[in-house]
Structures are given as structure tokens and as C-alpha cells.
Amino acid sequence: MYRSDVDGERHASSRSRTAFVAGITFGLGFVWEVFEYIVHALGDRIGFDPLLVHYGRLDAVGDLVFDLLRAAIVLLFGRDRLSNLVDAEGDES
């Protein structure tokens, strides 16, 4: 189903979509970095080689920066292709 919006609505929707994508990307990246650290710490405590290697704070910050960069790329190239799509809730066909 396609939607045709007034320019003002589309502009406001675009800003909230940008914030949503950036927030979700950063949040999932942060959760992954915490998971990576926990797996590494448990591996050290138990005495096993960890499955995931935590290289330190600088690596974690770099990973989060690249997560936001990837979100920007998705927003830049995917926004126009996906901007007219909406859920077909209430569509009886």
C-alpha cells in the first residue's frame, strides 16, 4: 500500500524516522558491545578462551561510531525507496 503525504507531514515523519533508525542502531550496537564484554569476562573467569574477543574501550567506541555511520548510509540510500510504504492494517483485500 502506498501513502501520499503533505510535504509538512513527510518532513516531520522523516525526522522521527531518522532518530528512530539511529537510536535503534546505536542501541543494538551498545547491547552487542556489552554482550561481547560479558562473554569475554566470563571466558576469562571460567578459564576458557572466549568466543568473542573484547579489544578494549577504544574498539567499542569505534564500533559504535561505525554503527551510526551504517545507519546514516541506510537512511541516505533507503529512505527514498521505502518512504511510500506503510502497513496494510485494516486492509480487507
Contacts of type side-chain contact (heavy atoms from CB on, under 4.5 Å), residue F20, not counting sequence neighbours | I24
Which residue pairs pass the side-chain hydrogen bond (donor to acceptor under 3.5 Å, both in side chains) test when at least one of the two sits in residues 44-53, sequence neighbours left out?
-> H40-D44
Sort and list the pairs that fulfil salt bridge (Lys or Arg N to Asp or Glu O under 4.0 Å) and have at least one residue in residues 56-78, not counting sequence neighbours.
-> D67-R70
Cluster companions of I46 among Ile, Leu, Val, Met, Phe, Trp, Tyr (side-chain spacing under 4.5 Å) | F48
Is it true that L68 and L64 fall in one hydrophobic cluster, defined by side-chain heavy atoms closer than 4.5 Å?
-> yes
Side chains of residues 28-38: which donor-acceptor partners sit under 3.5 Å, not counting sequence neighbours?
none

If you look at every heavy atom in A71 and T25, which pair is closest and at what distance?
-> CB-OG1, 3.5 Å
